[in-house]
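Accompanying notes for the structure given below.
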Amino acid sequence: MPARADAPSPLAWITWALILIGLPMAVAGWETRAGDSAQAPRSHRAVAVRRVRPPTPPPPVEPVEVYALDRDEARRFNAAVPFSRLANPAARPFVFSGSEEDLARAIDCLAAAELYEAGDDAVGEQAVAQVVLNRVRHPAFPKTVCGVVFQGQERRTGCQFTFTCDGALARTPGPAAWSRAREIARAALAGKVYKPVGYATHYHTDWVVPYWSGSLDKITSVGTHLFFRWRGWWGTPPAFRFAPRGGEPLIAKLMPFSLVHRAVDPPALNPELRGNESADALAAQVRRAIGLDQIGKSVGGVRLIALADARSFVVALPQGSKPDDWPASAQTFCAGRPRCRIMGWTPAEAPEQLPLTLDDLSAMRFSYIHDTASGLQRALWNCALVRRPIKTQCMRERLPKAAAPAAGSDAGLAGVRRKERFETVKITPVITVPPEPSPTG
């Protein structure tokens, strides 16, 4: 049947459909958006604010101070503060970039923060590690791992992590706990993320109330610790994109149980080494494979006690050997290594494992180090135990052993609890005098 001449065209039908259906929908949409705008919840407005980078610099990082509240009152106060309703995204993986030496120093600084802040608790240690790495990425904090952990250490109070200035480092961690903390630190610096704390830069235990707690968003809890981030743009992921700087500093306070934080003497060549192999000549030799499977075994007549890292060896010197023979023994380990460090004891005084105590360091008889990049090659003897003809051949005098607080004593640790830690799965503590969780961070 032929179409009528006056019948509407298909285009006309489509036009009328758009007018009759689309116009009411558009009006309804306008009304809905207007109503939403008028009654937008505060959280939505907060999200909008957080998307805009402020023209002002990042917030200042103040020394930690707490209100004078007893535990029960502080817990009631903290419980009354609501958790933020904004999203809590996981932090991006942090992959350390820098030299092997910087990485070794960063691992030990991070491990110390974990262990002394959270106690021997694997979950709590991961949370602390994540906060430290969040700070490294934020422009308000130092740009190295050790710089963040020991920020404010020169103050008697008010340091960012209380263990760095309250005397807690006088308690040497046990070998198993220290090894576990270092493995957690190594994983975090290789990109492992502890998601629950997101981009938190602050935390404290629920029995204290720091002055800054009211100005930050409370985002989560892990055990009895509460975690916070800055409000506004400075607490959002885009604020955490500042690249860390290399050059991890030496931390003298870690020297008793961290070989990589022992100060190195200035480059020099001892007379005893002039007739032996130079550092460059040693580094050019075939490298001897020395691994964990050789701990406890003899390598060139020298018993290997422990490996601090791939180029640092703790050894027992040959029984009855002469001090003048020790450099040659050390060089057995350093062949093929551009950087190498040896720490040697007599067999009767040799430590059995890491970390080293101050007594161990005092008993050390010999040390050797070379670094082909700087031209350093040096052998040093403990002149309190070994006579040497030249004073420059002597090690620095070791610090006297600090008296550790008696079990149950709170001396120098005011406000630090004794029994409570992260209420999570526990690993049996093996620390000589267990470091307690820090109240703030």
Side-chain angles (χ1 to χ4, degrees), residues 40-91 113 117 127-128 130-143 147-149 151-153 155 157-165 194 196-242 415 437-441:
R42 182 178 179 182
S43 61
H44 289 182
R45 293 197 297 272
V47 170
V49 170
R50 287 164 61 85
R51 290 174 179 167
V52 180
R53 177 173 181 170
T56 55
V61 181
E62 302 293 342
V64 176
E65 296 183 50
V66 298
Y67 288 102
L69 301 175
D70 62 38
R71 290 193 175 200
D72 291 339
E73 188 177 2
R75 283 183 169 130
R76 286 193 295 270
F77 181 95
N78 289 322
V81 177
F83 288 98
S84 171
R85 295 185 178 181
L86 297 175
N88 181 28
E117 288 286 296
V128 169
Q130 189 62 58
V131 169
V132 170
L133 298 185
N134 288 347
R135 287 190 173 198
V136 177
R137 273 189 170 145
H138 199 282
F141 296 94
K143 306 319 299 166
V148 164
V149 172
Q151 185 179 13
Q153 64 166 321
R155 295 190 291 261
T157 59
C159 43
Q160 289 299 307
F161 293 92
T162 54
F163 82 94
T164 67
C165 63
Y194 184 72
V197 301
Y199 283 94
T201 49
H202 295 69
Y203 61 82
H204 67 80
T205 50
D206 65 3
W207 75 86
V208 299
V209 181
Y211 283 99
W212 49 253
S213 64
S215 62
L216 278 65
D217 281 341
K218 185 170 79 170
I219 56 175
T220 193
S221 63
V222 177
T224 58
H225 281 61
L226 306 173
F227 290 79
F228 299 77
R229 68 183 172 210
W230 270 307
R231 291 173 181 163
W233 188 86
W234 293 110
T236 62
F240 292 80
R241 296 187 181 276
F242 280 66
S438 174
T440 56

Which atom pair, heavy atoms only, marks the closest approach of Leu86 to Arg229?
CB-NH2, 3.6 Å

State, with a plain yes or no, whether a side-chain heavy atom of Glu117 is found less than 4.5 Å away from one of Thr162.
yes

d(Asp217 CG, His202 NE2) to nearest 0.5 Å is 12.0 Å

Quick check for you: to the nearest 0.5 Å, what is the distance between Leu216 atom CG and Leu226 atom CG?
12.0 Å

Measuring from atom CD of Gln160 to atom OG1 of Thr201, what distance do you get when rounded to the nearest 0.5 angstrom?
10.0 Å

Could you pull out the closest heavy-atom pair between Pro142 and Val148, with the gap in Å?
O-CG2, 3.3 Å

OH of Tyr203 to NE2 of His225, rounded to nearest 0.5 Å, is 6.0 Å

Quick one: list whatever passes ring pair (Phe, Tyr, Trp, His ring centres under 6.0 Å) with Phe141, sequence neighbours left out.
Trp230

For Ala127 and Phe227, work out which heavy atoms get closest and say how close.
CB-CZ, 3.7 Å

Heavy atoms of Ala91 and Gln130 approach each other most closely as CB-NE2, 3.5 Å

Minimum heavy-atom distance Tyr199-Pro237, with the two atoms named
CE1-CG, 3.6 Å

Enter the distance from Trp207:CH2 to Leu69:CG here, rounded to the nearest 0.5 Å.
14.0 Å

Taking ring pair (Phe, Tyr, Trp, His ring centres under 6.0 Å) as the test, write out the residues that go with Phe83, two or more places apart.
none

Among side-chain atoms of Arg135 and Gln151, is any donor-acceptor pair under 3.5 angstrom?
no

How long is the straight-line distance from CZ of Arg137 back to CZ of Phe240, given to the nearest 0.5 Å?
9.5 Å

Looking at Val208 and Asn78, what are the two nearest heavy atoms and their distance?
O-ND2, 3.1 Å

Those residues that, when tested against Phe228, pass ring pair (Phe, Tyr, Trp, His ring centres under 6.0 Å) (two or more places apart):
His204, Trp212

Sequence neighbours excluded, the answer for side-chain contact (heavy atoms from CB on, under 4.5 Å) partners of Pro58 is His138, Pro139, Ala140, Trp234

Just by modelled atom types, is the Ser84 backbone N or O under 3.5 Å from a matching donor or acceptor in the Lys218 side chain?
no

Could you list the residues that satisfy side-chain contact (heavy atoms from CB on, under 4.5 Å) with Pro196, not counting sequence neighbours?
Tyr194

